[in-house]
**Student:** 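One structure follows; several queries about it will come next.
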Amino acid sequence: MNADYAIIGGGIVGLSLAWGMLKKGKNIIVVDGHDVASPASRGNFGLIWIQGKGINNTQYAQWSQKSVAAWPQFAEELQEHTGINISLEQKGGYDFHFSEKSLEKTLAQYTSLKQKLNGNYPYDVLTHNNLKKEEPLIGPKVIGAILHHQDGQVNPLQLLKALLHDITRMKGILLTKKTVTDISKNDSFRLTCHDGTSINAKKIILAAGLGTAKLAPKLGFKVPIQPQKGQMLITEKLPKMINRPSLIARQVNEGGIQIGFSEENVGFNEQVSQNQIAKIAADAIKTYPTLAKAQIIRTWAALRIVSRDGFPIYQESLSTPGAFIVTCHSGITLAAAHALFLPEWLEGNSHAPNLKAFHEDRFSLPPS
Ligand SMILES: Cc1cc2nc3c(=O)[nH]c(=O)nc-3n(C[C@H](O)[C@H](O)[C@H](O)COP(=O)(O)OP(=O)(O)OC[C@H]3O[C@@H](n4cnc5c(N)ncnc54)[C@H](O)[C@@H]3O)c2cc1C
């Protein structure tokens, strides 16, 4: 099997890249195996999110905003070619506050970031009473919220499905249940899978989520990434009760309320824990008291892929040119940028985005 690009990893990052490269007329093979981790792409919260991102890194805030701005085009193209509605909504999202002190602290950060972004950071502060007009079921303990107008949500499983359909339509090859165990390079790259399958490609992209760390050193990358567990729960389908999403809860297009924001650094442990789920549920009930009556139908945990500073890593190997690494913490938010702008960078085009801020030489690691 020969390809212009072989992409290792068929999660949201690998598929977004495959889609973008196929649109450029490249021959693409995506190889997806099984990771020790439950892939983040199937267990995430589905937010397309700006607020809170890049508070101390303007370039990350701008890159996320570029993606958010490109999302309507990305979603429209996917829907047009596949007929799959990925339920994109970009009508803002909330950061809820339960004390004046926390609201003021966050506002100070947003004010500073807004200045650095030349004003492109549109948000409003809603008092409890104003918030109640937007979200009538909000509880009395919520003192107010920041409504950021660039935030939104999508159905991440439908997004995966649409990408898979469109990649197939564009004659991309997707190999599943094949774990890449070795990579070598002579004139071209050769990937070897656990079952002996081999794939030749002019260029390769490592987009294997947490699996990236195992393969990366062979290509001279350092890749300081680690797992971070997040736990979730979802209720039975309910009539419309939440208008806009937040990190605490969102109502998915089918009606269930998806709840959960937690961050645990517990290695590759992806077990659901009762104490964390209870805490997440309590936060949601504090925000929307009526949720106390809702039936929980499923809980799960999934592992985020987090670099040492939390920002994406986009890097071409210095020792093995033609091998690239693409990994990030917010692959849903960044899917549009990965699909529409990273192909320019991979191809070395003059109008490619400047991604120097996300090269891995920012990590001062001892040589591997
Ligand atoms: C709880 C939680 C909530 C989240 N919420 C959001 C959110 O609201 N918004 C947002 O933007 N992001 C969110 N994220 C992050 C987002 O889900 C991830 O950034 C994204 O899914 C990462 O995609 P990926 O393709 O890099 O990794 P993965 O989804 O892990 O996919 C990697 C793939 O590579 C394969 N693989 C691994 N090793 C190999 C190998 N050697 N050979 C072949 N294949 C291999 C694996 O089998 C897997 O299919 C959340 C994540 C979690 C865990």
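Order of appearance sets the numbers: ligands from 1, and atoms from 1 within every ligand.
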**Student:** Which ligand 1 atoms are under 4.0 Å away from a heavy-atom of F45?
**Tutor:**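 In order of number, 3 (C), 4 (C), 5 (N), 6 (C), 8 (O).
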
**Student:** Should D283 and K286 count as an ion pair when the cut-off is N to O under 4.0 Å?
**Tutor:**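 Not counted as a salt bridge, because no side-chain N and carboxylate O are separated by less than 4.0 Å.
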
**Student:** Determine the interplanar angle of the F358 and W63 rings, folded into 0 to 90°, and report it as parallel if under 30°, tilted if 30 to 60°, perpendicular if over 60°.
**Tutor:**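 Ring orientation, 0 to 90° scale: tilted.
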
**Student:** Which atoms of ligand 1 sit under 4.0 Å from any heavy atom of G33?
**Tutor:**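 Once the distances to G33 are compared, the set is 43 (C), 44 (N), 45 (C), 47 (O).
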
**Student:** If you take the nearest heavy atom of each of A301, S41, S330, which one is closest to atom 12 (N) of ligand 1?
**Tutor:**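 Ranked by closest heavy atom to atom 12 (N) of ligand 1, first place is S330.
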
**Student:** Quick one: which ligand 1 atoms are inside 4.0 Å of a heavy atom on I332?
**Tutor:**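 What qualifies from ligand 1 is 9 (N), 10 (C), 11 (O), 12 (N).
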
**Student:** What about L47: any of its N or O atoms under 3.5 Å from an N or O on ligand 1?
**Tutor:**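 Min N/O separation from ligand 1 is below 3.5 Å for L47.
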
**Student:** At a 4.0 Å threshold, what atoms of ligand 1 neighbour a non-hydrogen atom of L215?
**Tutor:**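 Answer for ligand 1: 41 (N).
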
**Student:** Side chain or backbone of T179 under 4.0 Å from ligand 1, or both, or neither, by non-hydrogen atoms?
**Tutor:**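 It is both parts that get close, each with some atom under 4.0 Å.
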
**Student:** Is atom NZ of K240 surrounded by more than 12 heavy atoms (other residues, nucleotides or ligands) closer than 6.0 Å?
**Tutor:**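 Buried by this count: over 12 neighbours within 6.0 Å.
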
**Student:** Which option, D182, V13, D32, L303, owns the non-hydrogen atom nearest atom 24 (P) of ligand 1?
**Tutor:**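 The option holding the nearest heavy atom is V13.
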
**Student:** Hey, looking at atom 18 (C) of ligand 1, which of G331, A302, S64 has the closest heavy atom?
**Tutor:**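 Among G331, A302, S64, the closest heavy atom to atom 18 (C) of ligand 1 comes from G331.
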
**Student:** Can you label the angle between the Y5 ring and the F324 ring as parallel, tilted or perpendicular, going by 30° and 60°?
**Tutor:**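 Because their plane-to-plane angle lies in the 30° to 60° range, the rings of Y5 and F324 count as tilted.
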
**Student:** Using a strict cut-off of 4.0 Å, indicate which atoms of ligand 1 neighbour a heavy atom of C328.
**Tutor:**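 Matching atoms, with element in brackets: 19 (O).
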
**Student:** Given A208, P156, G10, identify the one with the heavy atom nearest to atom 37 (C) of ligand 1.
**Tutor:**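 Answer by nearest heavy atom: A208.
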
**Student:** Whether K66 engages the ring of F341 as a cation-pi pair (distance to the six-membered ring centre under 6.0 angstrom, angle to the ring normal within 45°) should be assessed.
**Tutor:**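 Because its charged atom sits under 6.0 Å from the ring centre and within 45° of the axis, K66 does stack over F341.
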
**Student:** Is R244 salt-bridged to E89, going by a charged N under 4.0 Å from an acidic O?
**Tutor:**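 No salt bridge links R244 with E89.
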
**Student:** With atoms numbered from 1 as shown, which atoms in ligand 1 lie under 4.0 angstrom from a non-hydrogen atom of G211?
**Tutor:**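 Here the atoms of ligand 1 in question are 37 (C), 38 (N).
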
**Student:** Output yes when K178 and D195 qualify as a salt bridge under the 4.0 Å nitrogen-oxygen rule, no when they do not.
**Tutor:**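 Result for this pair is yes, salt bridge flagged.
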
**Student:** Within a distance under 4.0 Å of any heavy atom of V31, pick out the atoms of ligand 1 and give their elements.
**Tutor:**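 In order of numbering, the contacting atoms are 43 (C), 44 (N).
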
**Student:** Tell me whether D309 is salt-bridged to R362, with the criterion being a basic N under 4.0 Å from an acidic carboxylate O.
**Tutor:**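 Yes.
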
**Student:** By number and element, which atoms of ligand 1 are closer than 4.0 Å to a non-hydrogen atom of I8?
**Tutor:**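 Ligand 1 atoms under the 4.0 Å threshold to I8: 40 (C), 42 (N), 43 (C).
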
**Student:** Closest by any non-hydrogen atom to atom 30 (O) of ligand 1: pick that one out of G11, G14, A213, A40.
**Tutor:**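 Among G11, G14, A213, A40, the closest heavy atom to atom 30 (O) of ligand 1 belongs to A40.
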
**Student:** When you compare ligand 1 with T333, is there at least one nitrogen or oxygen pair between them that comes in under 3.5 angstrom?
**Tutor:**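 By distance alone, the answer is yes.
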
